[in-house]
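In each ligand, atom 1 is the first atom listed, and ligand 1 is the first ligand listed.
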Amino acid sequence: MTIPKAALLSLLPFLPGSHAWGTLGHDTVAFIAQNFISSSTATWAKTLLNDSSPAYLANVATWADSYRYTSEGAFSAPFHYIDAADDPPTSCNVDYDRDCGAEGCVVSALANYTVRVKSASVSTAEKQKALKWIIHFVGDIHQPLHDEALDVGGNTINVTFAGTGTNLHHIWDSNMPEKLIGGYSLTDAKNWASNLTAEIKTGGYKSEAAGWLSGIDENKPDGKATSLLWAKDANAYVCSTVVPQGADAVRGKELEGAYYDKAIPVIEMQIAKAGYRLAAWLNVLAMGKVGLKVRKEEYDHGYGHGNGRRGAGTVVQAVRVESRDEERIMMARRARAAYGWNCGPEGHAH
Ligand SMILES: *[C@@H]1O[C@H](CO)[C@@H](O)[C@H](O)[C@H]1NC(C)=O
Ligand SMILES: *[C@@H]1O[C@H](CO)[C@@H](O)[C@H](O)[C@H]1NC(C)=O
Ligand SMILES: *[C@@H]1O[C@H](CO)[C@@H](O)[C@H](O)[C@H]1NC(C)=O
Ligand SMILES: *[C@@H]1O[C@H](CO)[C@@H](O)[C@H](O)[C@H]1NC(C)=O
Ligand SMILES: [Zn+2]
């Protein structure tokens, strides 16, 4: 008797918060994308993923975080982030040549799998993996600490959250989203996605959502320039919101109060952006055009500055690389790789 792969996966021990953005964040991004992709894109994805269930994208949204810890998938560990060797909070920026190592990064990986998922010379099994990676990496690239080298993406900045010892990376991935939503089940993700979808269509994100799609080039096969823009967009929040007074100002601190209050609008907006952009990306892959399921006038605006209760605005900072500090970069890279291989007792994935 053969056991369906989905059933096997559900037998794996479930480790809450062990996934980048956490299960809640990744599943929510996937559900938002499901809400916006065209029906022909949905059919394409369901066929490739061999899943016609109501959670066909969400069901595979954290596969990449399990796969990276298998010996077969270990090569993909560096694909979950780009280690920007910038200097927060003074200067935030991402420089592809400086920050994407020879082993690859989230920007190069998205480009690779974007090409592979459509390539006639790639097997169906590998195309299926490519799609699962795209769904996951579009989520990862929107988590500011996935676009930052500082303290191994915040993994070595110990903090407490609601009295529990953890680290800065982990609270951005999981503790803060889970506090907002009150759980991390598939249903929690679906409900959060419904809310954020409504915020995009008619709520606080309506005026700025069109700007989120800016830079998506339907004629560029690998989309690398676009995902680099997204990495820069997320990285800017490291300076403005993640460590606005520097790492030492949060080290050892309890962050459930005022810090959480400032972070949560950015977290919600980054999840919303990731889902909306993933939908556009998948539509380009499947249909060759963005064509999201919203009325045209809803995405004909220019850049907005945010409104309503969220008010975090779109921060795409002009970037300038200050200096190349090769040694610092190599040290950061080694430290990050070590984390990728040994995720520790709490499973601090990055
Ligand atoms: C698709 O999934 C079904 C179970 O849902 C399974 O029986 C079938 O073998 C799968 N097909 C492929 C090509 O993986
Ligand atoms: C592209 O993906 C394939 C399959 O996962 C992998 O073997 C290869 O190393 C990747 N190349 C780059 C440049 O990321
Ligand atoms: C941070 O916490 C971890 C796990 O509790 C511990 O092993 C490590 O030594 C701590 N680091 C610092 C700098 O306190
Ligand atoms: C989303 O949820 C928030 C918090 O519960 C609520 O204030 C807001 O009105 C909801 N947005 C929509 C569009 O339903
Ligand atoms: Zn990841």
Are Val242 and Leu150 close enough that some pair of their side-chain heavy atoms sits under 4.5 Å apart?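 With C-beta onward as the side chain, the pair stays apart.
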Flag side-chain contact, heavy atom, 4.5 Å: Phe137 against Ile141: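 With C-beta onward as the side chain, the pair stays apart.
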Qualifying ring pair (Phe, Tyr, Trp, His ring centres under 6.0 Å) pairs with a residue from residues 82-126, counting only residues at least two apart or across chains: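 The answer is Tyr113-Trp133.
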Show me the short polar-atom pairs for ligand 2: any N or O of it lying under 3.5 Å from a protein N or O, with distances only.
from	atom 1	to	atom 2	distance (Å)
ligand 2	2 (O)	Asn112	ND2	2.3
ligand 2	2 (O)	Tyr113	OH	3.2
ligand 2	5 (O)	Tyr113	OH	2.6
ligand 2	11 (N)	Asn112	ND2	2.9
ligand 2	14 (O)	Asn112	ND2	3.2

Can you confirm whether Lys220 is buried at NZ, in the sense that more than 12 heavy atoms of other residues, nucleotides or ligands lie under 6.0 Å from that atom?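 Open: at most 12 neighbouring heavy atoms sit under 6.0 Å from NZ of Lys220.
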Looking only at the aromatic ring of each residue, does the gap between the centers of His80 and His146 stay below 6.0 angstrom?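 No.
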Side chains of Thr114 and Trp281, donor plus acceptor under 3.5 Å: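 There is such a pair (donor and acceptor under 3.5 Å, judged by atom type) between the side chains of Thr114 and Trp281.
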Judged by non-hydrogen atoms, does Gly203 sit under 4.0 Å from ligand 4?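 It does not; every heavy atom stays at 4.0 Å or beyond.
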